[in-house]
Amino acid sequence: MPPLPFPMPATPDAPLLAIEDLVVRYDTPHGVVHAVDGVSLTVRRGETLSLVGESGCGKSTLGRAILRLIEPAGGRIRLEGEELTGLSRRALCPKRRAVQMVFQDPFGSLDPRWTVGQLLAEPLHVHGIGPRAERRDRVLGLLERVGLPADAAQRHPHEFSGGQRQRIGIARALALEPKLVVCDEPVSALDVSVQAQILNLLVDLQRDLGVAFLFISHDLSVVEYIADRVGVMYLGRIVETAPREALWRAPLHPYTRALFDAVPDIERPGRARAPLSGDVPSAYAPPSGCRFHTRCPLAVDRCRRDAPALRPAGDPDHHVACHLAPGGAP
C-alpha cells in the first residue's frame with residue numbers, strides 16, 4: 001500500500017483520520033462522474049486541515065464520503081486506526097459520534113418543523129445518551145457554548161438569522177462530543193462580519209474542546225485565518241499539501257499559484273496577473289496525465305502523458321503533484 005501523502009505525527013499515536021486512495025464516482029444518464037479519484041490524506045488530533053479549490057473539484061464530495069453520506073467506490077477510511085469503509089449501517093452508527101458535520105446551508109440542514117431544543121436533543125436520543133432531564137441540560141449547555149440564549153431552545157429555525165442558524169448547526173454537530181467535525185463551506189453564505197464571528201467561534205471551540213476540523217472552503221482569506229495545514233484539490237485529486245505558512249510563503253503547484261493570483265489585491269490593484277486560460281475539463285472524461293495540463297502555462301509532454309505523484313518537495317511536510325516542482329524530473 002502506498003504511503004500517505006501527509007506524514008504521520010511525530011508521536012507514536014496514529015492520526016485521527018486516515019484516508020487512502022479514496023474514490024467516489026457518480027453514475028448519471030450522461031456517464032460516470034469522477035468526483036474524487038485516489039485521494040489520500042490524514043487529519044491529526046486537534047488540528048484544522050483545510051481543503052481548497054474551485055467549485056466542482058470534489059471538496060464537498062470528499063467531506064460527505066468521510067461520513068459515508070456518500071458511499072465511496074474504492075479506497076479506505078480509517079478513524080483512530082479502525083476501518084470504516086466496510087461497516088454496515090448498523091455497525092457505523094456508533095462511530096458517527098466521533099465524526100460530525102456542519103453544512104453550508106444552515107437553514108436547509110435544520111428541520112423547520114422542530115424547535116431548536118428538539119434539533120439539539122435528537123442526536124442524544126438516537127444514541128441513547130442520558131435521561132430526558134439530562135438531555136435538556138445538555139441542550140442548554142450547547143446553546144451557551146455557541147453564544148445563543150437559553151430561550152432559543154423554544155424557537156424554530158426560521159426565527160433566527162443566518163449566522164444564528166449556523167451556530168445552531170455547530171451546536172448540533174458538537175452534541176455528541178465528536179473528535180472531528182467536517183465543516184463544508186460553513187461561512188460562505190454569511191455576511192463578512194458574521195463570517196468573522198463564526199470563525200472566531202470555531203477557533204474558540206477547538207481551543208476549549210480539542211476537536212479537529214476538516215474545513216472545506218474556496219475562500220483563501222478564510223483558510224489563511226483558520227487552517228493549520230492546507231490541501232489543494234483540482235478535478236478530484238490533491239495537487240499540493242503544506243502547512244499554512246509554507247503554502248502562503250511559497251506555493252509550488254501552478255494551480256495553487258493561480259488560486260493566489262485570482263485573489264484581488266486592494267493594495268496593488270494594477271498588479272499584472274496571468275489568469276488561467278481555458279475551462280475546467282469535464283469530470284466525465286478527465287484528461288490523461290496531469291489533470292491540470294490543459295490549463296497550465298508550464299506544461300510539457302510528460303505532463304500530458306504521466307500523472308504526477310504527490311511527493312515531498314524540499315520541506316518534509318510540503319507535498320506537491322507536479323513534474324516541474326522542486327525534486328521533479330520533467
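FYI, side chains are in, hydrogens and waters are out, and symmetry mates aren't considered; it's all heavy atoms of this structure.
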Residues passing the salt bridge (Lys or Arg N to Asp or Glu O under 4.0 Å) test with Asp306, sequence neighbours excluded, are Arg302
Quick note, ring pair (Phe, Tyr, Trp, His ring centres under 6.0 Å) partners involving residues 170-193, not counting sequence neighbours, are none
| Any chain of hydrophobic side-chain contacts (each under 4.5 Å) joining Leu220 to Val239? | yes
| query | Under a single-linkage definition using a 4.5 Å side-chain heavy-atom cutoff for Ile, Leu, Val, Met, Phe, Trp and Tyr, are Leu143 and Leu176 assigned to the same hydrophobic cluster? | reply | no
Quick note, ring pair (Phe, Tyr, Trp, His ring centres under 6.0 Å) partners involving residues 85-130, not counting sequence neighbours, are none
Residues at least two apart in sequence or cross-chain that pass salt bridge (Lys or Arg N to Asp or Glu O under 4.0 Å) with Asp219, listed by chain then number, are none
Legend entry - Cluster check Leu214, Leu174: I/L/V/M/F/W/Y, side chain < 4.5 angstrom: no
What donor-acceptor contacts under 3.5 angstrom involve side-chain atoms of residues 23-32, with partners at least two apart or in another chain?
residue, atom, partner, partner atom, Å
Tyr26, OH, Thr61, OG1, 3.2
Thr28, OG1, His30, N, 3.2
Thr28, OG1, Gly31, N, 3.2
Thr28, OG1, Gly31, O, 2.7
Thr28, OG1, Tyr284, OH, 3.4

Between Arg68 and Leu87, is there a donor-acceptor pair closer than 3.5 Å when you use the side chain of the first and the backbone of the second?
yes
Practice problem: Flag the pair Asp37 and Arg291 as a salt bridge only when some basic side-chain nitrogen lies within less than 4.0 angstrom of an acidic carboxylate oxygen. | Solution: yes
Please answer: with hydrophobic residues joined when any side-chain heavy atoms are less than 4.5 Å apart, are Val102 and Val222 in the same cluster?
yes
Next item on the list: Evaluate the side-chain proximity of Leu110 to Val116: yes if any heavy-atom separation is below 4.5 Å, no if none is.
Entry: no
Salt bridge (Lys or Arg N to Asp or Glu O under 4.0 Å) filter on Arg90, not counting sequence neighbours, yields none
Polar side-chain atom of Glu240 near backbone of Pro251 as donor-acceptor pair, under 3.5 Å:
no
Here the side-chain hydrogen bond (donor to acceptor under 3.5 Å, both in side chains) pairs for residues 162-171, sequence neighbours left out, are Ser161-Gln164
Are the side chain of Gln195 and the backbone N or O of Val187 linked by a donor-acceptor pair below 3.5 Å? yes
So salt bridge (Lys or Arg N to Asp or Glu O under 4.0 Å) across residues 192-207, not counting sequence neighbours, yields Asp204-Arg207
### Message
Closer than 3.5 angstrom, by distance alone: can the side chain of Gln154 be matched with the main-chain N or O of Asp151 as a donor-acceptor pair?
### Response
no
>> Between Arg135 (side chain only) and Gly130 (backbone N and O only), is there a donor and an acceptor less than 3.5 Å apart?
In response: yes
Derivation and outcome, side chain to side chain contact (heavy atoms under 4.5 Å, CB included), residues Arg132 and Arg136: CA-CA 6 Å; Arg132 180 174 298 182; Arg136 184 166 54 250; 4.1 Å; yes
Flag the pair Asp21 / Ser40 as yes when at least one side-chain heavy-atom distance between them is below 4.5 Å, and no otherwise. yes
ring-ring contact (aromatic ring centres under 6.0 Å, His included) filter on Phe292, not counting sequence neighbours, yields Tyr234, His253, Tyr255
query = Do any N or O atoms from the side chain of Arg311 and from the backbone of Cys322 form a donor-acceptor pair under 3.5 angstrom?
reply = yes
Side chain to side chain contact (heavy atoms under 4.5 Å, CB included) filter on Leu298, not counting sequence neighbours, yields Pro254, Arg257, Cys296, Leu324
The complete set of ring pair (Phe, Tyr, Trp, His ring centres under 6.0 Å) pairs with one or both residues in residues 156-213, sequence neighbours excluded, reads none
* **Pairwise side-chain contact, Val182 with Arg64, heavy-atom cut-off 4.5 Å (strictly under)** => no
### Task
Give the cluster check for Leu49 versus Ile66: same hydrophobic cluster or not, with ILVMFWY residues linked at side-chain heavy-atom distances below 4.5 Å.
yes
- Item | Candidate pair Glu80 and Arg45, rule side chain to side chain contact (heavy atoms under 4.5 Å, CB included), full reasoning | CA-CA 10 Å; Glu80 297 185 300; Arg45 301 172 192 275; 3.1 Å; yes
Residues at least two apart in sequence or cross-chain that pass salt bridge (Lys or Arg N to Asp or Glu O under 4.0 Å) with Glu47, listed by chain then number, are Arg229
Query raised in the report: Are the side chain of Ser50 and the backbone of Phe215 linked by a donor-acceptor contact shorter than 3.5 Å?
Result: yes
Is Glu83 paired with Lys95 through a side-chain N to carboxylate O contact shorter than 4.0 Å? no
